[in-house]
Asker: 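My structure is below; once you've seen it, I'll send some questions.
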Amino acid sequence: MEEMPKTYDTAAVEQRMLDKWLEGDYYRRSAGVGDCTVTIPPPNVTGKLHMGHAMDDTIQDTFVRFNRMRGRSTRWILGTDHAGIATQTKVDKKLAAEGISRREIGRDKFIDACWDWTNEYGGFIVEQVKRMGCSVDFSDPHFTMDDDYAKGVRKVFCDWYHDDLIYRGKRIVNWCPHCTTAIADDEAEYKEEDGHLWHLRYPLVEPIDGQDYIVVATTRPETMLGDTGVAVSPKDHDKDKFVGAKVMLPIMDREIPIFSDFYVDAGFGSGFVKVTPAHDPNDFAMGERHGLEKINIFDETAHVVEGYGEFTGMSREECREAVVAWFEEHGLLDHVEDHHHSVMHCYRCDSALEPWLSEQWFVAVDKLKGPATEAVTSGNIKFHPERWTQSYLTWMENLKDWCISRQLWWGHRIPVFYCEDCGWEDALMEDTDVCPKCGGHHVRQDEDVLDTWFSSQLWTFATQGWPDNMELLKGHHPTAALFTARDIIALWVARMIMASTYFLDEIPFHDVVIYATILAKDGTRMSKSKGNGVNPMDLIEKYGADAMRFNLLTLVTNNQDVRFDANIDKKTRELIDSPRTEQARSFVTKIWNASRFVLGNLEGFTPGEPVARTQADAWIFSRLARLSKVVTEGISAYQFGEVARELHNFFWNEFCDWYIEFSKASLRAEGEERLQTQRNLVFVLDNALRLLHPAMPFVTEAIWEHLPKAEGEKPALMVAAWPEPETLASWIDPDAERAVGMLCGVVGAVRSTRARYGISPKQELAVVVNAQPENVTVLEELSSQISVMARVSEFTVAAGAPKPAESAAVVVEGAEVYSVLTGMVDFDAERTRLAKEQKKLAGDAAKFSKKLSNPGFLAKAAPEIVEKDRAKLAEIEDQLARVEAQLAELG
RNA sequence: GGCCGGUUGGCGCAGCGGGAGCGCAGGUGCCUUACAAGCACAAGGUCACAGGUUCAAAUCCUGUACCGGCCACCA
């Protein structure tokens, strides 16, 4: 067996493990009891992974590795998303930098450029996923624009089209004049801005009660060019007299009606609302109700169209200034107020969105809502943490028809064909250039592409052969769980549920796990513009992948966001340090070193079963059995933070700090004692590595290679068997746990006595333990271990042993520990300490006495609680008596 | 406007009905041959505030005050 290197070289080991796993082809496990299929939320091909991905992927990998080790048929499907707008914007920018414009080169060449981009960045992303240790199925990557995937998307469109779930309509959509495309409501972001409320005078055609104009209030004066009405509230009876009258729209000299509509709030502004049906969704709705004309004054880049004289060709901003100037010049600007309001911005390019009237495709959601709601209310799909269920249901309830067409080139082109000759129109699975109705050759395809989310809604099943190869899907759908961020519950999760329930008549996954949003150290969102984002690859480089993963796992609690502890250089934007990741790295190092100790002490080892030779052995086996239960249940319930803490506590505080220390004395012995200790150490380490592996795959796999193995053991820890709680359950031993607890107390007592009196560790002490009878054997059994750990020269233990002269006594549960300090101690300090101890114990005793003399408590509390507290009180009173006896002795 | 989180030792966080925990930082002492990226020991909190429910509240309920997020969008 080759020796383990003294230091753990993360970069080299990680690379070697990746090669090993890939060579062994362990990623996909096809045969097994039960299925664990997980689809990775496909990252956009636009660039690098961020901390959110790192968190998401770590959680998934922990879950997937755990299931693989448990023997489930396991497949974690890898893929990337073509991300329509995002990618197109990036490619546009890249081409622009080379002096090329999209329109110049045309659609086909532009799409080629997008593919080049995809191939470059898609590969980059796969590489990053790999470096994090993610055990995705690398042999079968998917992309939302793959041919087979595209076929699925097309089928969804065609089926919904023919089932009347997809329709085309002229509607107000959120238009981005920069990206020149519509975007969905969910893709619009509101931003608070300081603006103005302009009060404009609109002259009445006929004066009413001597009044010859009314005042409308607007935040967007430029849209007045397209006004076709003025509305008042039906509750605002002062304005009843105006209803039915007409105003002469300034500049345009158009007569437009005044009407009443419930939408209007009489209390806001002037109480008169100018109505521009083509440039505001609410005005559009009013326009529909009152049969108003919809006049579109802007082109696709939000410049004023032909026919508006001096205003034609102006941008929105220029037009606003010009219109306001015109009103001022003509004495029609009543007044201007400051007004704080929110304005929609494009989530991609951040331009202010323009509500714009245009022809778009929509999905009618009415028929999809029911099953998608039912899937969650029935409990078939569960959200973790549970509170997200309500968010989902609220969103589902308020769901409106979904605008799915985008005026882009990069994406799934809408498969609707039109005949220019006879007006035929249909959605087709295969392209055609001949009209099936009239045989004409003037057939054209719709120019628009589909919303990216339209294609990603099929992710759980179009990545698994649907619609052609249903055999692949069998047994792997619904998938086990979806792990994702809360901000795409509506955009993505909900739509996957709708698509899956519609096309497969089943849910896409059983559980939805929402992880916390990762914030920067100061509690704000990590963002590119602020330069406070942390790059997971930098963390891996500095601390290793296992350290990054483990730290991230500790952050998974029920919280909805977490602050990531990392310092970033403001100028270079490079990672300075991440203290908590550094702590996690210490844990990795600890695992490495402890393993090195065990493996370095295996001389003369022969394989054999673990046997609890001492109570210490029984104790660590018992703790291990409990750990396996906690970890197994924890991962199953997605409680990763708790799992990480339990693993850390077991390995560091129990295994390293106590068990390995106990073992040192036994390893110095010879024969059976040494051999059995070696076997026990190997047994515990082996199981601990298995339990740690899903969280920290690299270091555990690397160490495991060095471990002695049973005949026929699996070739890699990654596919080795999980320590199931049931098979370890027989090791659980509460007596041993109690005994070792007492024993640790004895060691601690000597150590703290030593520290209190400033006695050098080199100075050995004589120690006498007066133990309760049932504890005597344990202490005798481990006396040599205790002597090593507490630096004791002479260790005696007996029930009722008298306190030696000039000794310091410490009372612990089940024993009294006397350290002989002849000539070393100032007993005043000892008196003070004991008095403090007495006070604390007396306080505790009073607390419990009070509780136990409360008739309500005795009558109503659970019997085992009462029993436990009685025992506790007895113990405290016993300790108190001993402390008081010692105080009396000191005088 | 509606909904959801948070408020626990100097800092970052766990715990979410039965004696206040973890990790850092700080203190003291140790290079005890696995580990100084370490070990030991000690110190540090009336669990935001006010009511209530309960035999019992950091934990459940109501309200208040600050932080943070999501959804809606009144021109």
Side-chain angles (χ1 to χ4, degrees), chain A residues 4 6-8 186 190 197-198 216-220 223 231 263-265 267-276 280-283 286 339 341-344 385 387-388 390-391 394-395 398 486-487 489-490 516-517 519 521 523-525 543 554-555 557-565 579-580 582-601 641-642 645 648-649 653 656-657 660-661 664 747-748 751-756 758-762 788-791 844 847-848 851 854-862 864-866 868-869 872-873 876:
Chain A
M4 281 175 67
K6 184 156 184 186
T7 54
Y8 175 56
D186 324 83
Y190 282 88
L197 197 57
W198 281 273
V216 298
T218 179
T219 54
R220 301 204 53 202
T223 62
Y263 164 76
V264 180
D265 172 2
F268 187 87
S270 62
F272 288 99
V273 181
K274 60 186 270 316
V275 181
T276 322
D280 182 281
N282 294 310
D283 290 7
M286 283 195 276
H339 185 59
H341 63 145
S342 59
V343 178
M344 287 197 290
R387 79 182 100 93
W388 296 113
Q390 204 43 56
S391 298
T394 305
W395 184 82
N398 300 326
R486 66 166 178 272
D487 52 334
I489 292 176
T517 301
L519 305 176
K521 197 183 171 186
T524 61
R525 240 190 151 80
Y543 302 108
T554 62
L555 299 175
T557 66
N558 283 321
N559 228 320
Q560 61 185 18
D561 37 46
V562 295
R563 295 177 182 211
F564 192 80
D565 189 13
R580 295 197 58 181
E582 202 169 322
Q583 288 164 36
R585 181 182 59 181
S586 301
F587 185 40
V588 173
T589 310
K590 189 76 180 175
I591 295 168
W592 182 261
N593 283 320
S595 304
R596 218 155 51 80
F597 171 81
V598 172
L599 294 162
N601 278 288
E642 193 198 339
R645 277 184 293 278
H648 185 274
N649 176 58
N653 304 113
C656 292
D657 288 349
I660 284 187
E661 293 306 322
K664 284 178 180 172
V747 173
R751 284 171 174 171
S752 67
T753 300
R754 188 191 294 284
R756 195 170 331 112
I759 297 162
S760 156
K762 284 174 187 140
V788 170
M789 292 170 77
R791 291 261 168 159
D844 285 354
K847 204 192 287 179
F848 277 88
K851 197 171 176 184
N854 179 346
F857 175 69
L858 298 174
K860 295 189 182 176
E864 61 271 22
I865 298 286
V866 176
K868 198 184 127 206
D869 284 354
K872 200 70 216 176
L873 177 62
I876 291 167

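In the text below, chain A, chain B and the rest are named by the order of the sequence lines, each starting its count at 1.
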Asker: Name the closest nucleotide to the A:Arg596 side chain, picking from B:C35, B:A40, B:A20.
Answerer: B:C35
Asker: With a 3.5 Å cut-off and heavy atoms only, can you find an N or O donor on one side and an acceptor on the other between the side chain of A:Glu661 and the base of B:A40?
Answerer: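 Result: no qualifying N/O pair found.
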Asker: Name the pairing partner of B:U33, where a pair is Watson-Crick or G-U wobble with both distances under 3.5 Å, or state none.
Answerer: none
Asker: Checking contacts here: which listed nucleotide (B:G5, B:A20, B:A34) is nearest the side-chain heavy atoms of A:Ile660?
Answerer: B:A34
Asker: To the nearest 0.5 Å, tell me how far A:Ile489 CD1 sits from A:Thr394 OG1.
Answerer: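 If we round to the nearest 0.5 Å, A:Ile489:CD1 and A:Thr394:OG1 are 11.0 Å apart.
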Asker: In Watson-Crick or G-U wobble terms, both distances under 3.5 Å, what is the partner of B:G17?
Answerer: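 The base-pairing partner of B:G17, which may sit in any strand shown, does not exist here.
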Asker: Can you tell me the pairing partner of B:U59 across any strand shown, Watson-Crick or G-U wobble, with both distances under 3.5 angstrom?
Answerer: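 Base-paired to nothing in any strand shown.
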Asker: Over all strands shown, is A:Ala859 touching base, sugar-phosphate only, or nothing at heavy-atom distances under 4.0 angstrom?
Answerer: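 Contact class for A:Ala859: none.
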Asker: What's the closest nucleotide to the side chain of A:Arg563 if the choices are B:G18, B:G12, B:A75?
Answerer: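 Nearest to the side chain of A:Arg563 among the choices is B:G12.
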Asker: Distance check, P atoms only: B:C60 and B:C47, in whole angstrom units.
Answerer: 15 Å
Asker: Taking all non-hydrogen atoms of both residues, which atom of A:Arg791 and which atom of A:Lys762 are closest, and how far apart?
Answerer: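 The pair with the smallest heavy-atom distance is NH1-CA, 4.2 Å.
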Asker: Could you work out the separation of B:G63 and B:G68 based on their P atoms and round it to a whole Å?
Answerer: 22 Å
Asker: If the cut-off is 4.0 Å, is A:Asn559 near the phosphate of B:A14, judged by side-chain N/O to OP1 or OP2?
Answerer: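 Indeed, a polar side-chain atom of A:Asn559 lies that close.
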Asker: If only side-chain N and O atoms of A:Ser586 are considered, is one of them under 4.0 Å from the OP1 or OP2 phosphate oxygen of B:G38?
Answerer: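 Result: yes.
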Asker: Quick one: look up who B:C66 pairs with, Watson-Crick or G-U, both distances under 3.5 Å, and put none if it's unpaired.
Answerer: B:G6
Asker: Side chain to side chain contact (heavy atoms under 4.5 Å, CB included) between A:Met4 and A:Val598: does it pass, once the steps are laid out?
Answerer: CA-CA 11 Å; A:Met4 281 175 67; A:Val598 172; over 6 Å; no
Asker: Closest approach to the side chain of A:Arg585, judged atom by atom: which nucleotide of B:A34, B:A37, B:C24 is it?
Answerer: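 Nucleotide nearest to A:Arg585's side chain: B:A37.
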Asker: Please work out if A:Ala862 contacts a base, only the sugar-phosphate, or nothing of the nucleic acid, heavy-atom cut-off 4.0 Å.
Answerer: base
Asker: Under a plain distance cut-off of 3.5 Å, with no hydrogens placed, do A:Arg645 and A:Thr554 share a side-chain donor-acceptor pair?
Answerer: no
Asker: Suppose we call a contact any N or O donor and acceptor under 3.5 Å apart; does that hold for the side chain of A:Thr589 and the base of B:A37?
Answerer: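 Indeed, a donor on one side and an acceptor on the other fall under 3.5 Å apart.
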Asker: Taking only side-chain N and O atoms of A:Thr557, does any of them lie within less than 4.0 angstrom of OP1 or OP2 on B:A14?
Answerer: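 Affirmative; the distance criterion is met.
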Asker: P atom, B:A14 versus B:G6: distance in rounded Å?
Answerer: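 B:A14 and B:G6 have their P atoms separated by 9 Å.
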Asker: Please measure how far the C1' atom in B:A42 lies from the corresponding atom in B:G15, and state the result in whole Å.
Answerer: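 The answer is 25 Å between these two C1' atoms.
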Asker: Is there a donor-acceptor contact under 3.5 Å from the side chain of A:Arg756 to the main chain of A:Arg751?
Answerer: no
Asker: Rounded to whole angstroms, how far apart are CG on A:Asn593 and C1' on B:C39?
Answerer: 13 Å
Asker: Find the distance A:Phe272:CZ to B:A75:P and express it as a whole number of Å.
Answerer: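 Roughly 18 Å, once rounded to whole Å.
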Asker: Indicate whether OP1 or OP2 belonging to B:A34 is found under 4.0 Å from a side-chain N or O atom of A:Lys664.
Answerer: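 For B:A34, OP1/OP2 do have a side-chain N/O of A:Lys664 under 4.0 Å.
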Asker: On RNA chain B, nearest-nucleotide positions of A:Val264 versus A:Ser595: which is more 5'?
Answerer: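 Result of the comparison: A:Ser595.
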Asker: Could you walk me through whether A:Tyr8 and A:Ile591 pass the side chain to side chain contact (heavy atoms under 4.5 Å, CB included) test, one step at a time?
Answerer: CA-CA 10 Å; A:Tyr8 175 56; A:Ile591 295 168; over 6 Å; no
Asker: Does OP1 or OP2 of B:A75 have a side-chain N or O of A:Tyr263 closer than 4.0 Å?
Answerer: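 For B:A75, OP1/OP2 do not have a side-chain N/O of A:Tyr263 under 4.0 Å.
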Asker: Which nucleotide, if any, forms a Watson-Crick or G-U wobble pair with B:U46, using both distances under 3.5 Å?
Answerer: none
Asker: Only pairs with both distances under 3.5 Å count, Watson-Crick or wobble alike; so what is the partner of B:G12 in this structure?
Answerer: B:C22
Asker: In whole Å, what is the span from the CG atom of A:Asp487 to the C1' atom of B:G68?
Answerer: 15 Å
Asker: With rounding to the closest Å, how many angstrom separate the P atoms on B:A37 and B:C31?
Answerer: 16 Å
Asker: How far does the P atom of B:C13 sit from the matching atom of B:A48, given to the nearest Å?
Answerer: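 Here B:C13 and B:A48 have their P atoms 15 Å from each other.
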Asker: Would you kindly compare A:Val562 and A:Leu858 by the position of their nearest RNA chain B nucleotide and give the one closer to the 5′ end?
Answerer: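 The residue closer to the strand's 5' end, by nearest nucleotide, is A:Val562.
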Asker: Before giving the answer on salt bridge (Lys or Arg N to Asp or Glu O under 4.0 Å), spell out for A:Asp561 and A:Arg486 the whole-Å C-alpha distance, their side-chain angles and the decisive distance to 0.1 Å.
Answerer: CA-CA 10 Å; A:Asp561 37 46; A:Arg486 66 166 178 272; 3.6 Å; yes
Asker: Roughly how many Å apart are B:U33 and B:C39, using the P atom of each and rounding to a whole number?
Answerer: 14 Å
Asker: Give me the atom names and distance for the closest heavy-atom approach of A:Val264 to A:Ala231.
Answerer: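 Shortest heavy-atom separation between A:Val264 and A:Ala231 comes out as CG2-CB, 3.7 Å.
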Asker: Using OP1 and OP2 only, check whether a side-chain N or O of A:Lys590 sits under 4.0 Å from B:A36.
Answerer: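 So the side-chain polar atoms of A:Lys590 never come under 4.0 Å of the phosphate oxygens OP1 or OP2 of B:A36.
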Asker: Would you indicate which nucleotide in B:G69, B:A75, B:C35 comes nearest to any side-chain atom of A:Arg486?
Answerer: B:G69
Asker: Identify all pairs in which a protein N or O lies below 3.5 Å from an N or O of nucleotides 43-47 of chain B, and state each distance.
Answerer:
unit_1 : atom_1 : unit_2   : atom_2 : d
B:A43  : OP1    : A:Lys836 : NZ     : 3.3

Asker: Starting from P on B:G27, measure out to CZ on A:Arg756 and report it in whole angstrom.
Answerer: 22 Å
Asker: Of all the nucleotides listed (B:A75, B:A42, B:G12), which has the minimum atom distance to the side chain of A:Thr219?
Answerer: B:A75
Asker: Between A:Phe564 (CZ) and B:C11 (C1'), how many Å, whole number?
Answerer: 16 Å
Asker: On a whole-Å scale, what distance lies between the P atoms belonging to B:A72 and B:G23?
Answerer: 44 Å
Asker: For A:Lys274 and A:Arg220, which heavy atoms make the closest approach, and how far apart are they?
Answerer: NZ-O, 4.1 Å
Asker: Please report the shortest heavy-atom distance between A:Cys656 and A:Ala594, naming the atom on each side.
Answerer: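 The pair with the smallest heavy-atom distance is SG-CB, 3.6 Å.
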Asker: Is there a Watson-Crick or G-U wobble partner for B:U53 with both distances under 3.5 Å, and which nucleotide is it?
Answerer: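 Checking every strand shown, B:U53 finds no partner, since no pair has both distances under 3.5 Å.
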Asker: Between A:Asn558 (CG) and B:G68 (P), how many Å, whole number?
Answerer: 22 Å
Asker: When the distance from CZ of A:Arg751 to P of B:U32 is rounded to whole Å, what number comes out?
Answerer: 15 Å
Asker: To the side chain of A:Arg387, which of B:G12, B:A34, B:C4 is closest?
Answerer: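 Within the option list, the nearest is B:C4.
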Asker: Side chain to side chain contact (heavy atoms under 4.5 Å, CB included), that's the test. Do A:Asp283 and A:Met286 meet it? Break it down for me.
Answerer: CA-CA 5 Å; A:Asp283 290 7; A:Met286 283 195 276; 3.5 Å; yes
